[in-house]
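Residue numbers start from 1 in every chain, and the chains themselves are labelled A, B, ... in the order their sequence lines are given, proteins ahead of strands. Every heavy atom of this structure was used, including side-chain atoms; hydrogens, water molecules and symmetry mates were not.
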Amino acid sequence: MAVPYNHRAIEKKWRKEWEEHPINVNDGKKEKYYCLDMFPYPSGNGLHVGHWRGYVISDVWSRYKLMHGYYVIHPMGWDAFGLPAENYAIKMGVHPADSTAKNIANIKRQINEISAIYDWDMEVNTTDPEFYKWTQWIFVQMFKKGLAYEKEMPINWCPSCKTGLANEEVVNGKCERCGADVTKKNLKQWMLKITAYADRLLDDLDTLDWPEKVKKMQTEWIGKSYGAEVDFAVENREEKITVYTTRPDTLYGATFMVLAPEHALATSLATEETKAAVEDYIYKTSLKSSVDRLQDKEKTGVFTGSYAINPLNGAKVPIWLSDYVLADYGTGAIMCVPAHDDRDFEFAKKFNIPIIQVISKDGKEIEDMTEAYTEASGIMINSGDWNGMESSVLKKEAPAMIEKMGFGRKTTNYKLRDWVFSRQRYWGEPIPIVHCPDCGAVPVPEDQLPLLLPEVDSYQPTGTGESPLADITDWVNTTCPCCGKPAKRETNTMPQWAGSSWYFLRYVDNKNDKELVSKEKADKYLPVDMYIGGVEHAVLHLLYSRFYTKFLYDIGVVDFQEPFKKLFNQGMVCGRDKETGAATKMSKSLGNIVSPDDIVRDYGCDSLRLYELFIGPPELDSIWDDRGLEGIYRFLTKFWNLVMDHKDDGAPESSKVVKERHRLVYDVTTRLENFSLNTVISAFMEHNNNLCDMAKTKQVDKKTLETFVILLAPFAPHISEELYHELGHDASVFTAQWPEYDEKAMEDDEIEIAVQINGKTKTVITVAKEIAKEDALAAGKEALGDKLTGNIVKEIYVPGRIINIVVK
RNA sequence: GCCGGUGUGGCGGAAUUGGCAGACGCACAAGACUCAAAAUCUUGCGGGGGCAACUUCGUGUGGGUUCAAGUCCCACCGCCGGCACCA
């Protein structure tokens, strides 16, 4: 054995070489391939081995594409505004700008340990004024198009983070970041009209090569439903009450109506007798937190004393108030059909409201209903002209019929709400708006962007609903860009998602001070071909980015409507709970974080890269086990020795080794194309074992070793580059073409076939590949010998696989 | 409650989509080398039975389809994730 495998020396040598002579260069002729990682926020904890996983996957894929002749766009940047960065800074008692810069430096150092082919000339940082200039510019364009607007309304408020939140940031009534119970607070907020894009966001999902799970989550988040609005007259009053329903077919069964307690007419519907109870109910509801309202499923409500008239049959239906009706969905009022809706049924039972069945399974009414009949198929009964119709048909036709009859209209609704865009925190992009007493809200002129985030003594959140920026009077007080009179700046900042909604466009033209991205570069390098990151952004970041891209398409900045053609979600890397042994998220508080730094030192970057893939299927969560690295390291050492000891054997290309070579290429390539990265590593190990066996008798030729090295290069770049040079090349292994395989060359002349009796394998025979069925069966029966007893009922031969003799 | 995903040795996981279950690796055990250890190499490694060739059971549970089921169908159970009064 000549030179032992020394990962430290090799990795150091090649990293320096690649820094000086990058292997991924844009010669202007190659086709581009844009492979993007979700950029990290620079946390003070640094990276753990879980972060590496996604970065390794994307780098392997990038290098694989590179070896197919693409110019690979593979950039990295920093999502550095927002709550996590600010909370960290507050905790450490430093300014967020300082802690962020420090964290970026540390994480950048760690990311470089991966030896990915990131192009740092493309780096972006959302907190850089030259970057957020364009984040603000987009906001101004949205304002001009009427998509950014101000509204005072009760919004989700996190009392711990002391800021308003978007709907998407509230998980089960709790703050997505800190887990505190979210309350409601009435605040004047900037909103983005994402709902104007609801249909396009929904429809275009079909064009995307994304995990079905993510598409489904977005579909459900948008929550489009089809139905009708129906106008109900109110007895003794002028106003009508409009309800939204997806089941207009059940209109004859409406026996009461419920309004959200926040409904505009709620108070005025009360009579002398009910006034006190109604006002009490409205007041009590207003005190409930969103968590209470989510969890208290027991129905409550109050009768207003007023009646509505069912426009279809003139029936008088009592109007109730209840908090199970949401004020901000549909019209905030519903017609209730207790016979065919679980919630209405529960409410009717509790308050003794009549139940009228209008859909029947078999034409007969159910006696003593114990639960609602919610299926949307059956025969209409108790429904006047509609009797006898099939309800599923009627459901589709009823909206148009109602529209014709003049008391309603066909309509659709969405669960998606407009995006609450203001944050009452310091560490974000200032919203570039000036409030003028005469002109109203006026955008900061574009030539004055970026509107810099001012220096401030105390950037702690105030908790009052005002941003810390409000205290900086000489910043707040300004003049109106429109009329020149004294005016005040908007003091709220943008949410963390503002920069991340479009950063991927900026990488390819990150130094352009005239445009967000030049038309030329956008056309040439965008959009993203492959986007890799965790599934936690299935709705938030990925929905916002799609919205921004569609807006930028509408105003002519880019000519594509979807930012990310293909999406891959890698699974988490979990630690083990020290006591129970169960898989748990890696976290500082559990003390089970594994840092990549020590592993790189002890085993090397190549080993860690391979282990990140070998640990399990890339799309599933996996459990980290340090000991697994040993096996990887042994494999690399064995392979190193194989090449170093046998590269000069001068073995000829025997048919045996050629077969082995084609199988190796086939296994690695097909598994890689399927993103089955864990089994690619298995294939490497298996073929390495085979070659080591063959090398003992000096059967392994140089071309086979070279092929192995090339295939291994995207996965373990340093050792592969070193060995490629040892094999006599001057150029980088990444200039090599990806090897091809020939399926014919992989085949053996003889094949093994399992021989079964009644489906149980008894023996294995080796036969010629082209053997005829009769010959195969004869050989099988002969091999079974006297094991074969009884009467043969059936003989089955599956070519190349199995012989099964069925006996009785 | 609804919708996804998932369940295979002591552990991480394979299985060409219905065709020899447990590839590859970890851990473990025995042996070789060594004064010794480490490293390395060789062999073994799902359970039961047998000196053995072999035999039998076995992919969360219970049924079913099939010559053949981890894979398909029906009914359950456990874990993980999403949604959750959206009318």
Practice problem: Decide whether a cation-pi geometry holds between A/Lys415 and A/Tyr329; the criteria are a distance under 6.0 Å from NZ or CZ to the six-membered ring centre and an angle within 45° of the ring axis. | Solution: no

Self-check item: A/Arg627 side chain, from C-beta outward: closest of B/G13, B/C3, B/C26
Solution: B/C26

Exercise. Take atom CG of A/Asp341 and atom C1' of B/C85, then tell me their distance rounded to the nearest Å.
Key: 9 Å

Practice problem: Rounded off to whole Å, could you give me the CG-to-P distance for the A/Asn674 and B/U16 pair? | Solution: 11 Å

Practice problem: Determine, for nucleotides 20-25 of chain B in 5'-to-3' order, which nucleotides have protein heavy atoms under 4.0 Å from the base (write B), from only the sugar-phosphate (write S), or from neither (write -). | Solution: B--BBS

Quiz item: Syn or anti for B/U17, with syn set at within 90° of 0?
Solution: syn

Quiz item: Side chains of A/Phe639 and A/Cys692: does their closest heavy-atom pair fall under 4.5 Å?
Solution: no

Self-check item: Atom C1', compared across B/G31 and B/C80: separation rounded to whole Å
Solution: 44 Å

Quiz item: Is it true that A/Arg417 and A/Asp328 have a side-chain N and a carboxylate O under 4.0 angstrom from each other?
Solution: yes

Donor-acceptor pairs are to be reported for all side-chain atoms of residues 626-636 of chain A against protein atoms at under 3.5 Å, with residues two or more places apart or in another chain.
unit_1, atom_1, unit_2, atom_2, d
A/Asp626, OD1, A/Trp624, NE1, 2.8
A/Arg627, NE, A/Asp625, OD1, 3.4
A/Arg627, NH2, A/Asp625, OD2, 3.4
A/Glu630, OE2, A/Tyr603, OH, 2.9
A/Tyr633, OH, A/His7, ND1, 3.3

Quiz item: Starting at CG of A/Leu540 and ending at P of B/G82, how long is that distance when rounded to a whole Å?
Solution: 12 Å

Quiz prompt | Whole angstrom value for the distance that separates C1' of B/G7 from CD1 of A/Ile623 | solution = 13 Å

Practice problem: Using the six-membered ring wherever Trp is involved, compare the ring planes of A/Phe675 and A/Phe568 and label them parallel, tilted or perpendicular (cut-offs 30° and 60°). | Solution: tilted

Quiz prompt | Strand partner of B/C79, provided both Watson-Crick or wobble distances fall under 3.5 Å | solution = B/G5

Exercise. Salt-bridge test for A/Asp249 and A/Lys396: reply yes if a basic N is under 4.0 Å from a carboxylate O, no otherwise.
Key: no

Quiz prompt | Nearest-angstrom distance from the residue atom CD of A/Glu619 to C1' of B/C80 | solution = 15 Å

Exercise. Select base, sugar-phosphate, or nothing to describe what A/Val755 touches, counting heavy atoms under 4.0 Å on all strands.
Key: nothing

Quiz item: To the nearest Å, how far apart are A/Tyr603 OH and B/A39 P?
Solution: 11 Å

Quiz item: Which residues, if any, of residues 247-254 of chain A bring a heavy atom under 4.0 Å of RNA chain B?
Solution: A/Arg247

Exercise. Quickly work out the A/Phe639 CZ to B/U40 C1' distance and round it to whole Å.
Key: 19 Å

Self-check item: Chi-based syn or anti call at B/G64, which uses purine or pyrimidine torsion atoms and a 90° bound
Solution: anti

Quiz item: If you measure from the C1' atom in B/U71 to the same atom in B/G7, how many Å do you get, rounded?
Solution: 14 Å

Quiz item: Which part of the nucleic acid does A/Lys213 contact within heavy-atom distance under 4.0 Å: base, sugar-phosphate only, or nothing?
Solution: sugar-phosphate

Quiz item: Can you tell me how far P in B/C54 sits from the matching atom in B/U59, rounded to whole Å?
Solution: 23 Å

Quiz prompt | Integer-rounded Å distance: B/G18 P and A/Asn804 CG | solution = 17 Å

